[in-house]
Amino acid sequence: MKFDQNLIKENAFSISTAQVIDGQTAHEPDLNLAENGDLWVTWCSRGRDGDAICAQRTDATARQKITVSSMRGVECQPCIISLKNGGQRIAWTAFREGVWHLLARDLHDSNPGDEKVLASHIDGIFHPRLLLAKDGTCYLVFENVIEQSPQLFMMREQHGTWARPEKLATPTGSCYRPSLASRADGSVWMAYDNYLDGHYRVWLQRIDIQSEAVCVSPNGYQNVQASLAAAPNGDLWIAWASNQNAAFKDRWWLTKWANLRRFDGQHFSDPVGEQHGRDVYNEDSFQGWEFPEVTVDSAGRVWLFGQSSHTLYAQYYAGDRWSELYTIAPKHWGTWKPRCRAAGDGPIFLTSMGLQGAQLQRIDLQPAKTHISTTPPSEPVSVVLPKSASWQRPVIHPPEQQALNVYFGDLHAHSIYGDACNDVDEFYHRYRDAYGYDFAALTEHDYLDGMELSQSELKMMWNHSDRVTHPGEFVAFYAYEWTSPALADHAGEGGTVGEGHRHILYRDQSGPLVSYGEASANTGKKLLARLQGQRALVIPHHTSWSGTDWDAHDENLQRLVEVCSTHGRFEYSGNQPIGYRRDHIHPGKFIFDALARGYRLGFVGGSDSHGLKWHATELEGRAKHIPAGTHVGWKEDAFRTGMTAILAPELTREALFDALHARRCYATSGVRIFVDFRINGALMGSDIMSEDAPHLTAQVRGTAAIRLVEVVRSGHVFAGVQSQPGEGLTEMQFALDDNIIVPGESHYYYLRVLQEDGNMAWSSPIWVRWKE
C-alpha cells in the first residue's frame, strides 16, 4: 500500500492521506506491525448474506485478501497480533446458532489454520483484545455478559494450549472496552472503563498477576473509552474521553474530550502545559474528541488519535508541551464508527473509519529529543450531584377497563454507530439512569453516504437492548432507521421524489435489517412491501424537511408519525412557537397533508438527537417565536427535544409495542406533560362510530404553567381554553360537544397543548364517524 501523498506535513512529522482498505463494506479495522516490518490489518466485511472477518498484509507485493472466519453471519470486532513464529493471530466474536462465541484463528504464510472456539456464552461476548507478552504468553481479554452486566474475562495461551477463561477482579459494576499494554519489565496491564451508580470511571490493573484495580479518573464526570500504551522507558500512558466541564459542573454534559495521564509503576502524573484545541463547549457540528487511541513513538512523544463527531484528530505530547490539534480527515457530515488503532513507533500506522470505509494512514516521524514530565497529578474535581426531584407516574382509568399507566421515553435517537456521538452503553445509561425515562430506542441509520449498518452491528445493539431492559423498570426497543436521500438531494438530478427517513420498531428480535442500500428496498413502497408480515411499526419523521413519499403508506405498519424532534416541529406549514429547520422545506409533506389523505396516524415524539451541541443552536429563528430564555426545539440538551408518552398496562416491550400499534400514545417536546383526551369515552388513537354529537373530554397537567389547550378538528382549531396572564395554572380540564357535525360526516380530533415555557404536547387523534 502506497502512502505517497501527505495530508499534513510539519517539521516533526508528516501524515499521509487515508488509503481505503477494502471499500465501504469494510469496518471495525485493527492492525499489527510485525517484528519483520510486515503490516497486517484485519476488519469486518459487510455483505448481504452476513458479515465475515478478513485480513491482509498491506505491502506492495502481497495484496491478497484472506477470509478468516469460516462462515458469514454475525461475525464482528476482530483484533490481531503477530506471533513469535512469524504468523498472525486474529480473535473475534460471533453469534452462531443462538450463542455468542469468542473465536481465534492463526495465519501462517497467509494460510489460515484451524478456527478455534475459545469461549461461548448465550448472553454476549464482546470487545476482545490480544497481547503477546515478552515471555511468549498470549493474553486475550474480553467482555463476557453475565446477568446483563458485562464483566472482563481473560484467557492465556502458552505453547499452543489455551487456559480456561478466568474472571478478572474488577470493581463492582459493568466493565467495558479493555485495552492492553506490556511494560518494559514484562508486566501486563489493562485499562478499561467501569459503569456504576450513574458514573463511568477509568481503571488501570495489572493482569499477569491479578492486582487490585486503581481508579485513574476519580472526578465524578463521565470518563470512558480507555486506551493504554507503554513507553520505552517503562511508563504507561492512559488516554480516555471525559466530559469534565468547569462552567456547568454537569456530569452528563454532551461533549467529551481526550484526556491523558501517565503511570510510572507507582504514581500518576498529568502532562504540563495547555492542551491546545480543547473545547467541550463547542457548538460546531465537528465537536468534541472521543474514542481516543494512544501510542508512544521511539523518541518518547505520546500520540493521541481519535474522532470528533464527523472528523478525525491527532495530537502529540512532547514531554513539556502539547502540539497543535491536527485534523487528519476531511470534515464532512456522515457516518463515523469507532475504531482508531495504532501500531509502530516510527513510522506509526493508524487504522480508522472514514466515508469510504475502513482506512489506513502512515505517520512519518523526524527524530526528536524529549523529556517526559514527572509533574504530580492535578487535584481531582469534586462534583456535587443534584438530588433527583420526586415524580409520581400518572394513571389513566378507562371505563370498565384495566388501568393504564403513562410511560415516557424517546423512540428515535442515535449513537457513534451512525452519525452521532457516544457508544451504545452510554446512550442507554443516559436515558435510563440520568433522565429516568421508562423506555428508549436506538435507531441507527441503515444507510448514509454509502455507509451501511451491518447485521453484526445491529445484533450488537439489540444485545445492549436486552442488557438494559428490566420489565417494570426500563425497556429498550429493537429498532433502526431506514434512511433514504432527502428530497433536496434529488433536486440537482432532476428528481422529484424524496423518500424521506423512517425509523422502524420491532416487537421482537425476529425483525430483519431492511436497508435502503438494497435495490429491493430503496423506495418507501418497497420498504413497506418487504416488511409485510413483520410485527413492525414504521414511523416517518421530519417529513417536510427531508421530504417523504406520502403515497408509500400501509395502514397496518405505518400507524404513527413523529411530530417533534431536535429538528423542530412538522405539524403544518408555519407552525409556531416551535418552528422547524428551514434549509429544506417541501410543501405537501407536513403531517397535516397525510391526515388530509385520510391516514390514521398516531403522534409520537423523538429527539432524533445525535448528542451534538450544534443541534441546540441550529434551528432557524432560535428564541424568535418563544419567550426569551426558553429554547424549545433548541434546547441545550438535544436528547430532550422530543418525547413519547405511551398508555399501557405494564412496562414491558410487548405491552408498549401493542399500545403504540393501537395509537394509544401522544407526543411532547421533551417534558412529562400529562394528557388525557377522549371522545365518547374512547381513548386517543381510537377510530369510533358515533350515533350522536361527539362528546369530548380533556384533562391536562403541565410541567409548567399552561398557556393554551386547543382542540384541532380536521386541520382547524375547533375549540380551546386559554389561561389569563399571571394565573399560572398547571392543570386544565374541560368537556364539550361537537354540535356542528353533520350526520354522515367523519372528522379527526386531537389536543394541542402549549405551556408558558414553550413546551408543547399533542394527543394522538381520535377519528369519529357520525352514523347517519
Just wondering, do Val712 and Phe592 contact through their side chains at under 4.5 Å, heavy atoms?
yes
Please determine whether a side-chain nitrogen of the Lys or Arg among Arg707 and Asp757 lies less than 4.0 Å from a carboxylate oxygen of the Asp or Glu.
no
Cut-off 3.5 Å, side chains only: do Asn556 and Gln532 have a donor facing an acceptor?
no
Partner of Asp608 under side chain to side chain donor-acceptor pair (under 3.5 Å), chosen from His567, His503, His541, His501:
His567
Between the side chain of Ser484 and the main-chain N/O of Gly500, is any donor-acceptor distance below 3.5 Å?
yes
Going by side-chain contact (heavy atoms from CB on, under 4.5 Å), name the residues that satisfy it together with His429, two or more places apart in sequence or in a different chain.
Tyr176, Tyr195, Tyr200, Trp252, Asp425, Arg432, Asp433
If only side-chain N and O atoms count, and only distance matters, is there a donor-acceptor pair under 3.5 Å linking Gln699 with Glu731?
yes
Answer yes or no: is there a side-chain heavy-atom contact under 4.5 Å between Leu411 and Thr644?
yes
Are any side-chain N or O atoms of Arg559 and backbone N or O atoms of Leu660, one a donor and one an acceptor, separated by less than 3.5 Å?
no
Residues that Arg507 engages under salt bridge (Lys or Arg N to Asp or Glu O under 4.0 Å), provided they are two or more places apart:
Asp658
What I'd like to find out is whether the side chain of Asn522 reaches to under 4.5 Å of the side chain of Glu499, using heavy atoms alone.
no
Kindly write out the residues that satisfy side-chain contact (heavy atoms from CB on, under 4.5 Å) with Glu555, not counting sequence neighbours, or none if the list is empty.
His553
Who are the side-chain contact (heavy atoms from CB on, under 4.5 Å) partners of Ala552, not counting sequence neighbours?
Arg502, Lys525, Leu528, Asp549
What distance do His747 atom NE2 and Ser714 atom OG have between them, rounded to the nearest 0.5 Å?
5.0 Å
Could you give the side-chain donor-acceptor pairs of residues 764-771 under 3.5 Å, partners two or more places apart or in another chain?
unit_1	atom_1	unit_2	atom_2	d
Ser764	OG	Phe603	N	2.8
Ser764	OG	Cys665	O	2.6
Trp770	NE1	Glu691	O	3.0

In the structure I gave you, are the side-chain heavy atoms of Met461 and Glu444 within less than 4.5 Å of one another anywhere?
yes
If the condition is salt bridge (Lys or Arg N to Asp or Glu O under 4.0 Å), which residues does Arg663 pass it with, not counting sequence neighbours?
none
Just to verify, which of Trp550, Phe570, Tyr572, Tyr580 counts as forming a ring-ring contact (aromatic ring centres under 6.0 Å, His included) with Phe590?
Tyr580
